[in-house]
Colleague: 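Input: one structure, supplied below.
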Amino acid sequence: MLDKNSRYILASASPRRKELFGGLGVPFTVELCGECDESYPENMEPHDIPEYISGKKADAFTRPLEEDEVLITADTMVLCEDRILGKPHNREEALEMLGFLSGKSHEVLTGVTIRTASSGRSFTSSTMVKFKKLSDEEIAFYVDTCKPYDKAGSYGVQEWIGYIGITGIDGSFYNVMGLPVQKLYEELSSL
């Protein structure tokens, strides 16, 4: 069980992460980090990137942690055929990303950093997702309706495109939403 005497801080603006962390049944607050440069070394192994960026987000938290506080940061990315897909900047990029993912399997990676006043640890969770072959009309309808500009890979598994397009998931569904809550629960329980 999670320590009820700890004060958990989720440093994320994501409404999905807030919803998922809330499912753990402990009180928490949301406090955003300062400005965080989400760049990474050009030669970094793709599987290391989300954990690296979640660590940078934790480093960008601007105030010292109290003894009873636990900070959680996270970063999610999509990896398909060695191509890293982050958040789309516009409609055209969202359409292109979903067209690229159509009919393929891809990996969703979420890096999570947990920090206290005296220690810190990070981990990465991986989930494989398979999309059916999506039509151009399905992709355009989804992008125009759901506007997935705040989502890695241009989609939300819990939205329309997930309902009609995902044919298989191997790993944590919640990781695809942006926070691997089962693994996070285990890590927090072992603090």
Side-chain angles (χ1 to χ4, degrees), residues 1-34 36 38 40 45-79 84-87 105-130 148 150-153 155-159 161-163 166 168-191:
M1 295 294 293
L2 298 187
D3 182 0
K4 301 284 186 185
N5 295 317
S6 291
R7 292 188 296 156
Y8 297 98
I9 301 166
L10 179 64
S12 175
S14 165
R16 292 164 303 283
R17 287 194 182 118
K18 182 178 176 183
E19 174 190 350
L20 291 171
F21 194 82
L24 292 178
V26 292
F28 71 99
T29 58
V30 173
E31 288 185 48
L32 300 183
C33 298
C36 178
E38 294 188 17
Y40 49 87
E45 165 66 34
H47 288 87
D48 296 335
I49 294 170
E51 196 170 308
Y52 177 81
I53 294 174
S54 74
K56 287 178 80 171
K57 289 178 179 180
D59 291 343
F61 193 73
T62 54
R63 67 169 179 80
L65 292 170
E66 300 292 326
E67 283 300 315
D68 63 344
E69 291 181 320
V70 179
L71 176 71
I72 296 106
T73 57
D75 187 74
T76 301
M77 76 170 202
V78 170
L79 184 63
I84 296 167
L85 302 176
K87 298 172 185 172
S105 291
H106 63 273
E107 189 174 14
V108 178
L109 299 156
T110 301
V112 178
T113 298
I114 301 167
R115 188 157 296 158
T116 66
S118 60
S119 68
R121 66 174 82 169
S122 296
F123 66 89
T124 298
S125 182
S126 170
T127 304
M128 293 301 297
V129 179
K130 171 87 170 104
D150 65 336
K151 296 174 180 71
Y155 78 92
V157 66
Q158 73 282 8
E159 295 177 336
I161 200 84
Y163 298 162
I166 292 177
I169 295 178
D170 184 12
S172 169
F173 173 86
Y174 300 111
N175 183 51
V176 184
M177 282 182 69
L179 193 65
V181 287
Q182 189 279 327
K183 176 75 172 154
L184 177 57
Y185 176 82
E186 295 299 322
E187 292 287 334
L188 291 173
S189 296
S190 69
L191 279 179

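For clarity, every value in this text was computed on a predicted model and none was experimentally measured. Throughout, numbering of the chain's residues begins at 1 and tracks the sequence.
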Colleague: How about F61 and T113: do any of their side-chain heavy atoms sit closer than 4.5 Å?
Modeller: no
Colleague: Do side-chain atoms of T127 reach the backbone of G171 as a donor and acceptor pair under 3.5 angstrom?
Modeller: no
Colleague: May I ask you to decide whether K130 forms a salt bridge with D170, counting only side-chain N to carboxylate O separations under 4.0 Å?
Modeller: no
Colleague: Would you mind reporting whether V176 and Y155 have side-chain heavy atoms less than 4.5 Å apart?
Modeller: yes
Colleague: Stepwise, does the side chain to side chain contact (heavy atoms under 4.5 Å, CB included) test hold for F28 with I72?
Modeller: CA-CA 10 Å; F28 71 99; I72 296 106; over 6 Å; no
Colleague: Nearest 0.5 angstrom please: M128 CE to H106 NE2, how far?
Modeller: 8.0 Å
Colleague: For T73 and S54, work out which heavy atoms get closest and say how close.
Modeller: OG1-O, 2.8 Å
Colleague: To the nearest 0.5 Å, how far apart are NZ in K87 and OG1 in T76?
Modeller: 8.5 Å
Colleague: So how far is it from I53 CD1 to D75 CG, rounded to the nearest 0.5 Å?
Modeller: 4.5 Å
Colleague: After noting the C-alpha distance and the side-chain angles of M1 and Y185, does the key distance pass the side chain to side chain contact (heavy atoms under 4.5 Å, CB included) rule?
Modeller: CA-CA 8 Å; M1 295 294 293; Y185 176 82; 3.6 Å; yes
Colleague: Any side-chain heavy atom of Y40 within less than 4.5 Å of one from K56?
Modeller: no
Colleague: Would you say S190 and R121 are linked by a side-chain donor-acceptor pair, where the criterion is simply a distance under 3.5 Å?
Modeller: yes
Colleague: Apply side chain to side chain contact (heavy atoms under 4.5 Å, CB included) to residues R115 and D59 and explain how you reach the verdict.
Modeller: CA-CA 9 Å; R115 188 157 296 158; D59 291 343; 2.8 Å; yes
Colleague: Can you find a heavy atom in the side chain of L109 that is under 4.5 Å from one in the side chain of H47?
Modeller: yes
Colleague: Which atom pair, heavy atoms only, marks the closest approach of L188 to L2?
Modeller: CB-CD2, 3.5 Å
Colleague: Are R63 and E69 within salt-bridge range, i.e. N to O under 4.0 Å?
Modeller: yes
Colleague: Answer yes or no: is there a side-chain heavy-atom contact under 4.5 Å between V30 and F21?
Modeller: no
Colleague: Using the rule given for side-chain hydrogen bond (donor to acceptor under 3.5 Å, both in side chains), can you reason through S122 versus E51, listing the C-alpha separation, both sets of side-chain angles and the distance that settles it, and then say yes or no?
Modeller: CA-CA 6 Å; S122 296; E51 196 170 308; 4.6 Å; no
Colleague: Measure the spacing between CD of E38 and CD1 of I49 and express it to the nearest 0.5 Å.
Modeller: 12.0 Å
Colleague: Decide yes or no for K57 and S12: does some side-chain heavy atom of the first lie under 4.5 Å from some side-chain heavy atom of the second?
Modeller: no
Colleague: Do V112 and S125 come close enough that some side-chain heavy atom pair is under 4.5 Å?
Modeller: no
Colleague: With rounding to the nearest 0.5 angstrom, report the CD to OG1 distance, E31 to T62.
Modeller: 8.0 Å
Colleague: I need the minimum non-hydrogen distance between L191 and V70, along with the two atoms involved.
Modeller: CD1-CG1, 3.9 Å
Colleague: Supply the atom-to-atom distance L184 CG to L20 CG, rounded to the nearest 0.5 angstrom.
Modeller: 10.0 Å
Colleague: Run the side-chain hydrogen bond (donor to acceptor under 3.5 Å, both in side chains) check on T110 and R17 step by step: do they pass?
Modeller: CA-CA 11 Å; T110 301; R17 287 194 182 118; 5.5 Å; no
Colleague: Counting only heavy atoms not in F123, do more than 12 sit closer than 6.0 Å to its CZ atom?
Modeller: yes
Colleague: N175 vs S172, test: side-chain hydrogen bond (donor to acceptor under 3.5 Å, both in side chains). Steps then yes/no.
Modeller: CA-CA 5 Å; N175 183 51; S172 169; 5.7 Å; no
Colleague: Would D3 and V26 count as a side chain to side chain contact (heavy atoms under 4.5 Å, CB included) if you check the C-alpha gap in whole Å, the side-chain angles of each, and the deciding distance to 0.1 Å?
Modeller: CA-CA 9 Å; D3 182 0; V26 292; over 6 Å; no
Colleague: What heavy-atom pair brings E66 and A117 nearest, and what distance separates the two atoms?
Modeller: O-CB, 3.8 Å
Colleague: Side chain of S6, backbone of Y8: donor and acceptor closer than 3.5 Å?
Modeller: no
Colleague: Please name the residue in the list Y174, Y163, F173 that meets the side-chain contact (heavy atoms from CB on, under 4.5 Å) test with V157.
Modeller: F173
Colleague: What pairs with D68 under salt bridge (Lys or Arg N to Asp or Glu O under 4.0 Å), at least two apart in sequence or on another chain?
Modeller: R7
